[in-house]
Structure formats: C-alpha cells, structure tokens
Student: 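Before I ask anything, here is the structure I am working with.
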Protein chains: 2
Amino acid sequence: MSRKAKPDVAQILEIGRTCVCFNVRKASRAVTHVYDSALRSVGLRATQFALLSAIKILQPVTVTHLAQATITDRTTLGRNLKLIEKKGLIRMLSGEDLRERNVYLTERGEGAVAKGISLWEEAQTRLTEQLGEERVERLLNDLSLLVEAARRV
Amino acid sequence: MSRKAKPDVAQILEIGRTCVCFNVRKASRAVTHVYDSALRSVGLRATQFALLSAIKILQPVTVTHLAQATITDRTTLGRNLKLIEKKGLIRMLSGEDLRERNVYLTERGEGAVAKGISLWEEAQTRLTEQLGEERVERLLNDLSLLVEAARRV
DNA sequence: CTCAGGTGAGAGTATATACACGTTTTGTCG
DNA sequence: CGACAAAACGTGTATATACTCTCACCTGAG
C-alpha cells in the first residue's frame, strides 16, 4: 500500500489527455511549423518576427523590459536579440545607465517587419479558416488567462 | 502606394494580440515553467516526463511512430530519447527490421514515471485551481482542434 | 564620500526543436 | 536476381529556451 505501485496505462493515458503542459507544447510545435514555413521566404523565424514586432511597439526598450513583456527568460532573450542584431535588424546601444542596453529597430528591421506582415497574414488567415474565427478568439482569450494563471502559481 | 509603407504601431499591436503563434508560444513558456519547477525534484523536465509517459503507453514503439504520436520532429525526438537513455530510463533495441529502434521503459523508467505522477498532479491541480476546471477542459479541447487545424494547413 | 546591496546584462552549460543531408536496410519490379 | 525506390534512422548545423554564476554599474544609508 505504502509501496509505490507501477502506474497503469489507463492512468497515464488520462494524464496525457488532460495535461495542460503537454498539450500546449504540442500545439506550440504544430503552430510554429505553420508560421515558420510562411515566414521562411524572408529569412525570419516566427520567434524573430514576434521579437521584431515587440521591439517595434516598445522601442527604445531594455533587455529586461522586453523579457518581461514577452514572458521570456532574460538570458534567452539576449541570445535571440544577438541573432537578429547580427542580421542588422536591430541595434543595441547603451544609454545613460551604462548597465542598460537599449534596443531599436534599424531601417532594415523596419523593412523586415513590413515584409513579414503579409506572410504572417496569410498564415494567420489559413489557420483561422481551418479553426473558425470564434474559436480563435476564444482560444486567444483563454491562452491569455492561462498565462496569468501560470504566473500566479 | 505600391511602395511598402512602414507599418504603424497600431497594426503591429493588433498582430501581437491576435497572433495564434505568438500567444501559444508565450503560453508554452509560462506553463512549461510551472511543470519544470514541479518536476525538478525528480530530475525530469516536463518534456522528459511527457516522453516517458508516451513510451509507457505505446511501448514497444519505434522512433518514427513515437514522433508521429507526439507531433515532434523525428530528429528532435531522437535527441530527446538519447538524453533519457543516458539516464537509464529507457532502452532502444533493434528488432527484426534492422533499421528500426524499438523503445522500452526500463525499471528505472517505470519508477521515474511513478515518482513524476504525484508531482505532476500537484502542478496540474494548482494550475487548474487558478484557471477553473471548465476553462481547462475547454482549452484542452480547443488546443486539440488547433493541432488538427495546423496539420491541415 | 564610501561602501553595501541591488540591478542590468553576459557567459557557461544543458535541453528542446527542426531542416538538410547522408547511410543502411528493406521492398519491389522488370 | 539486380537495380532502384522507399523507409528508418543518425549527423551537422542552427535556433530557442532557461538556470546558475559572474561582473559592471548604480544608488542610498550613514
């Protein structure tokens, strides 16, 4: 009784069906594939397009701020920024506070976002057609609540 | 007019709000953090617990089969399997068809799943409390449809 | 002013993910 | 039977992710 019994397959099946983590990650892989494919022709990954978009909105913005806004680990973000900096899409400059690095879009970065938008729109439209607009809206809302919930845990 | 104009911030804001990819990935990061933290005391990542669970259900199973079942790239899966093989949690043996590698849980793998279950349950329960059971059920259902939709695109 | 503690960022390490390409084995058809 | 297609898997390379540790810089208490 006190000895931990081998879990049976039925129990694991139920975990697989109900686990929020597994299922969100699985969906993340499937959806990322759609957007990565769509954006390939401009040489951007979905993550990079997302990052450029966030910078477009928040610029000038520090690394830590951007990390909080995108729910990304600061060190992860730093490495992702380095990649798009090497492509010449952003600049990172120290301001008055020498610890900070302020991130800006370059002209090329602006152009990349502009080119990405139409490709993004096509992917988003095709996916929305498959899923239905109402369901997409509901899903986005639930995902937003999920992020809040996860941060409170 | 034909010249691509700089997209304005309002448009990008709308993209950030509505993009299924950004928002699923963001949720994936937030949720993974919860489950990774919960499982840390047994030395498993959420991904690894998921993988062991899938093997528990499907064993013996080939790499390609497991990849299809988990919506993971075959080469990604191969590398993830190598990590839990090194920990002694699974075995990979060739069968009659020498191209195939059949994956099995070891005794230690069974034990790891058993230990992981209670930790998983705690994380899942805390998250469900924050989000509400009905919303979790709806979200899981919508995510499942999303995966199907993404695969049809 | 000084320094103790806090803050912003990078480096080291490890895992997760996937595309392009190559290798071995199997199956199939003339 | 032999050549060629198909299947299963691994390797090389690149990006995404995050934890731990370290360092530089800033700021406020005394």
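Residue numbers begin at 1 in each chain, while the letters A, B, ... track the order of the sequences. All heavy atoms count here, side chains included; hydrogens, waters and symmetry mates do not.
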Student: Would you mind classifying the nucleic acid contact of Thr32(B) as base, sugar-phosphate or nothing, using non-hydrogen atoms under 4.0 angstrom?
Tutor: nothing
Student: Please give, in whole Å, the distance from dT17(C) P to Gln48(A) CD?
Tutor: 18 Å
Student: Shared ILVMFWY cluster between Leu58(B) and Met92(B), side chains joined below 4.5 angstrom?
Tutor: yes
Student: Does anything in residues 85-96 of chain A come within less than 4.0 Å of DNA chain D? Heavy atoms only, and list the residues if so.
Tutor: Glu96(A)
Student: How long is the line joining CG of Leu77(A) and P of dA11(C), in whole Å?
Tutor: 14 Å
Student: Can you check the Glu100(A) CD to dG10(C) C1' distance for me, whole Å?
Tutor: 15 Å
Student: Under a 4.0 Å threshold between the charged nitrogen and the carboxylate oxygen, would Glu148(A) count as salt-bridged to Arg151(A)?
Tutor: no
Student: Would you mind telling me which residue lines up with the more 5' stretch of DNA chain D, Thr47(A) or Asp97(B), judged by nearest nucleotide?
Tutor: Asp97(B)
Student: Between Lys82(A) (NZ) and dG10(C) (P), how many Å, whole number?
Tutor: 7 Å
Student: So, do Ile55(A) and Ile84(A) sit near enough that their side-chain heavy atoms are less than 4.5 Å apart?
Tutor: yes
Student: Hey, could you give me each pair passing side-chain hydrogen bond (donor to acceptor under 3.5 Å, both in side chains) that has a residue in residues 81-96 of chain A? Not counting sequence neighbours.
Tutor: Gln48(A)-Lys87(A)
Student: Under 4.5 Å between side-chain heavy atoms, chaining through other members, with only Ile, Leu, Val, Met, Phe, Trp and Tyr counted: pull out the rest of the cluster around Leu98(A), sorted by chain and number.
Tutor: none
Student: Test of understanding: with salt bridge (charged side-chain N to carboxylate O under 4.0 Å, His left out), list the residues that count as partners of Arg138(B), not counting sequence neighbours.
Tutor: Asp142(A)
Student: Give the B/S/- string for nucleotides 18-23 of chain C, one per nucleotide from 5' to 3', where a protein heavy atom under 4.0 Å of the base yields B, of only the sugar-phosphate yields S, and otherwise -.
Tutor: BBB---
Student: Using a cut-off of less than 4.0 Å, is there contact between a side-chain N or O of Arg99(A) and OP1 or OP2 of dG10(C)?
Tutor: no
Student: Find the distance Leu83(B):CG to dT13(C):P and express it as a whole number of Å.
Tutor: 17 Å
Student: Going 5' to 3' along DNA chain D, between which two nucleotides do contacts with chain A fall, using a heavy-atom cut-off of 4.0 Å?
Tutor: dT15(D) to dC26(D)
Student: Please tell me whether Val103(B) and Ile12(A) are part of a single hydrophobic cluster in this structure, the criterion being side-chain heavy atoms less than 4.5 Å apart.
Tutor: yes
Student: Any side-chain heavy atom of Cys19(A) within less than 4.5 Å of one from Tyr35(B)?
Tutor: yes
Student: Check Arg17(A) with Glu14(A), please: is the shortest side-chain N to carboxylate O separation under 4.0 Å?
Tutor: yes
Student: Go through Leu139(A) and Leu145(B) one step at a time and tell me if the side chain to side chain contact (heavy atoms under 4.5 Å, CB included) criterion holds.
Tutor: CA-CA 10 Å; Leu139(A) 181 60; Leu145(B) 294 171; over 6 Å; no
Student: Going through the checks in order, is the side chain to side chain contact (heavy atoms under 4.5 Å, CB included) test met by Thr128(B) and Thr18(A)?
Tutor: CA-CA 11 Å; Thr128(B) 302; Thr18(A) 59; over 6 Å; no
